[in-house]
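Following: one structure in structure tokens, then a few remarks.
Within every chain, numbering begins at 1; the chains are lettered A, B, ... in the order of the sequence lines, protein sequences first and strands thereafter. Bear in mind the structure is a predicted one, so any value in this text is a computation, not a measurement.
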Amino acid sequence: MSLQLLTPEFFQPPPDQVAQRLLGKLLVRKPENPEDETAIGRIVETEAYFGADDAAAHAYSGQTPRNAVLFGPPGMAYVYLIYGLHYCLNISCEPEGKAGCVLLRAVEPVAGLSTMARRRGLQPGVSPRLLASGPGRLCQAMAITRRQHNGISVTHAASVLTVMEDEYRVQDIAATPRIGIRKAADRLLRFTLAGNSFVSA
DNA sequence: CCAAAGATCTACT
DNA sequence: GTAGATCTTTGGG
């Protein structure tokens, strides 16, 4: 089986395109200490956020210290803290200067399940749906924080966090409204692998 | 300086 | 189904 890194060019298009193309790809988190396994999850749920013209986006009212990564080159991790408790992982899209991004909302665990469970504070044998279905859960399972990961590349082989492609073939993609937002709530910018049971509630 | 909101999750009724 | 946790960032006075 062959695994291939995605390139910065993959993330160059507008976020609605990238969000759909990311479905079925693998999020790979390297170990950070000897007792960790490599954690791998297949992306099953994403949301697209534009910059200008999207009132729900962090970049909507222009560049700030928090969202600066979004205005940089494509293929970079944008990590922020939400509700004082949970991290969310996005990947920047579009050329430098344009601030689109894709929020990773859920992965189907495919490797390193016990490491994910430990990070989540759960027993090793729990239902794998509890591991990384939901953006906050995903970051906890992959041990992703703003301090360590905001601004890092996901397209470089040496990175602790990468997105890779295998032979998996996507069938149907469903488009629905985005979750948990109040502004621009009617746009169909949430994408899922249709019928996949690891999509968040 | 202060107030309020926020791309969530868990526990409990 | 609803509430509470918890804190950074942002915008207004």
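A:Leu103 comes within 4.0 angstrom of a base, heavy atoms only. Heavy atoms of A:Arg66 sit under 4.0 angstrom from primed sugar atoms or phosphate atoms, though from no base atom. Using a 4.0 Å heavy-atom cutoff across all strands shown, A:Arg190 reaches no nucleic acid atom at all.
The side chain of A:Leu81 sits closest to C:dC7 out of B:dT8, C:dT9, C:dC7. Residue A:Leu85 places its side chain closer to C:dT6 than to any other of C:dT6, C:dT10, C:dC7. Each of B:dG6, B:dA7, B:dC9 was ranked by its minimum atom distance to the side chain of A:Arg182; first place goes to B:dG6.
A side-chain N or O of A:Thr115 and one of A:Glu37 form a donor-acceptor pair less than 3.5 Å apart. With no hydrogens or angles considered, a side-chain donor-acceptor pair links A:His58 and A:Tyr78 at under 3.5 Å. No side-chain N or O of A:Arg119 forms a donor-acceptor pair with one of A:Gln140 less than 3.5 Å apart.
A distance-only check finds no donor-acceptor pair linking the side chain of A:Arg190 to the backbone of A:Glu45 [under 3.5 Å]. No side-chain donor-acceptor contact under 3.5 Å links A:Lys30 to the backbone of A:Leu161.
Residue A:Lys183 is the one, among A:Lys183 and A:Arg120, whose nearest nucleotide of DNA chain B lies closer to the 5' end (criterion: closest heavy atom). In terms of position on DNA chain B, the residue among A:Ala59 and A:Leu122 whose nearest nucleotide sits closer to the 5' end is A:Ala59. Between A:Arg146 and A:Tyr83, the residue anchored closer to the 5' end of DNA chain C is A:Tyr83, taking for each the nucleotide with the nearest heavy atom.
Rounded to whole Å, the distance from CD on A:Glu45 to C1' on B:dT8 is 13 Å. Distance A:Leu70 CG to B:dA7 P: 13 Å, rounded to the nearest Å. Going from atom CG of A:Asn150 over to atom P of C:dT8 covers 15 Å, rounded to whole Å. Rounded to whole Å, atom P of B:dA7 lies 15 Å from atom CZ of A:Arg187. In this entry the distance linking OH of A:Tyr87 with P of C:dT9 reads 10 Å, nearest Å. Distance, A:Gln140 CD to B:dT8 C1': 11 Å, rounded to whole Å. What separates CD1 of A:Ile82 from C1' of C:dT9 is a distance of 10 Å, to the nearest Å. Taking atom CD on A:Glu47 and atom P on B:dT8, their separation rounds to 7 Å, with Å as the unit.
Distances shown here put a side-chain N or O of A:Arg105 below 4.0 Å from the OP1 or OP2 atom of B:dT8. The shortest distance between the side-chain N/O atoms of A:Arg137 and the OP1/OP2 oxygens of B:dT10 is below 4.0 Å. Within the structure, a side-chain polar atom (N or O) of A:Ser61 is placed less than 4.0 Å from OP1 or OP2 of C:dG11.
Partner of A:Glu94 under the side chain to side chain contact (heavy atoms under 4.5 Å, CB included) criterion, chosen from A:Pro74, A:Pro14, A:Pro13: A:Pro14.
Pairing of C:dT6, defined by two Watson-Crick or G-U wobble distances under 3.5 Å, is not identified with any nucleotide.
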